[in-house]
Colleague: 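To start, I am sharing the structure in question, which I have written as structure tokens.
None of the values given here were measured: they were computed from a predicted structure.
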Amino acid sequence: WTVSADHALITGNLQQLTLSGHVVAVSQRGFADAVTEIRTDWLELDPERVRAQTDSRVQIRIGERSLTATGMDAMFDENRLQLKSNVSGKFVP
């Protein structure tokens, strides 16, 4: 995973990163072994546990599939993503 954002705040001993402004996380082999892109305006990242969470609106592309939601918990090491509310998506066979 590569992550970029306009701003970053590091707390503790790199235990928590708060990213804001055009946050983009991309993996060439993310969820379902497809190119995965996550976009949001605000994201808390825990590098040690390889997890991220936001309560903001999130846009997700997994290969040809796209989803939007409000809020997300991502467990990258477990290849698991939980969307919190207002989920809608587009799936092409």
Side-chain angles (χ1 to χ4, degrees):
W1 286 90
T2 58
V3 180
S4 64
D6 291 342
H7 307 282
L9 175 64
I10 300 171
T11 57
N13 293 332
L14 291 177
Q15 295 176 1
Q16 184 92 8
L17 298 171
T18 301
L19 306 171
S20 60
H22 301 100
V23 181
V24 179
V26 178
S27 174
Q28 296 301 311
R29 294 189 52 176
F31 297 100
D33 277 336
V35 174
T36 302
E37 180 179 278
I38 299 171
R39 291 180 175 269
T40 188
D41 285 332
W42 182 85
L43 185 72
E44 283 186 345
L45 182 62
D46 181 341
E48 185 175 314
R49 293 180 29 197
V50 197
R51 297 192 176 197
Q53 77 89 25
T54 185
D55 290 326
S56 297
R57 183 174 186 272
V58 62
Q59 297 174 312
I60 302 162
R61 294 196 63 178
I62 302 170
E64 296 297 317
R65 302 174 190 111
S66 64
L67 296 164
T68 60
T70 302
M72 172 198 77
D73 287 315
M75 291 66 68
F76 297 116
D77 59 339
E78 298 172 23
N79 207 28
R80 192 166 59 131
L81 182 70
Q82 179 179 351
L83 303 174
K84 296 182 179 179
S85 65
N86 301 320
V87 179
S88 64
K90 177 183 175 185
F91 294 84
V92 178

Colleague: Can you measure from OG1 (Thr70) to CG (Asn86) and round to the nearest 0.5 angstrom?
Modeller: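 It is 4.0 Å, given to the nearest 0.5 Å.
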Colleague: Hydrophobic clustering (ILVMFWY, side-chain heavy atoms < 4.5 Å, transitive) - are Leu81 and Val3 grouped together?
Modeller: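 In one cluster: yes.
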Colleague: Check the hydrophobic clustering (I, L, V, M, F, W, Y; side-chain heavy atoms under 4.5 Å; chains of links allowed) and say if Leu17 and Phe76 are grouped together.
Modeller: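 Same hydrophobic cluster.
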Colleague: Below 4.5 Å, heavy atoms only, C-beta onward: do Met72 and Ile38 meet side chain to side chain?
Modeller: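 In contact.
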Colleague: What are the two closest non-hydrogen atoms of Leu45 and Pro47, and how far apart are they?
Modeller: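 In terms of heavy atoms, the two residues are closest at O-CD, 3.3 Å.
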Colleague: Could you list the donor-acceptor pairs under 3.5 angstrom formed by side chains in residues 57-69, with sequence neighbours left out?
Modeller:
unit_1, atom_1, unit_2, atom_2, d
Thr68, OG1, Ser88, OG, 2.9

Colleague: If you measure from OG1 on Thr54 to CG on Asp41, what distance do you get to the nearest 0.5 Å?
Modeller: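 Rounded to the nearest 0.5 Å, the OG1-CG separation comes out at 8.5 Å.
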Colleague: For the CD atom of Gln53 and the CH2 atom of Trp42, what is their distance to the nearest 0.5 Å?
Modeller: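 Rounded to the nearest 0.5 Å, the CD-CH2 separation comes out at 5.0 Å.
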Colleague: For residues Arg51 and Asp77, determine if any side-chain heavy atom of one lies less than 4.5 Å from a side-chain heavy atom of the other.
Modeller: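 Arg51 reaches Asp77 side chain to side chain.
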Colleague: Please tell me whether Leu19 and Trp1 are part of a single hydrophobic cluster in this structure, the criterion being side-chain heavy atoms less than 4.5 Å apart.
Modeller: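 Per the 4.5 Å side-chain linkage, Leu19 and Trp1 are co-clustered.
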Colleague: By the rule that ILVMFWY residues connect when side-chain heavy atoms come within less than 4.5 angstrom, directly or transitively, which residues belong alongside Val26?
Modeller: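 Once heavy-atom contacts under 4.5 Å are chained together, Val26 belongs with Val24.
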Colleague: Once you round to the nearest 0.5 Å, how far does CG of Asp46 lie from CD of Gln16?
Modeller: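 Interatomic distance, Asp46 CG to Gln16 CD, rounded to 0.5 Å: 6.0 Å.
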Colleague: Mind checking salt bridge (Lys or Arg N to Asp or Glu O under 4.0 Å) for Arg39 and listing every partner two or more places apart, or none if nothing turns up?
Modeller: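 Arg39 satisfies salt bridge (Lys or Arg N to Asp or Glu O under 4.0 Å) with Glu37 once adjacent residues are dropped.
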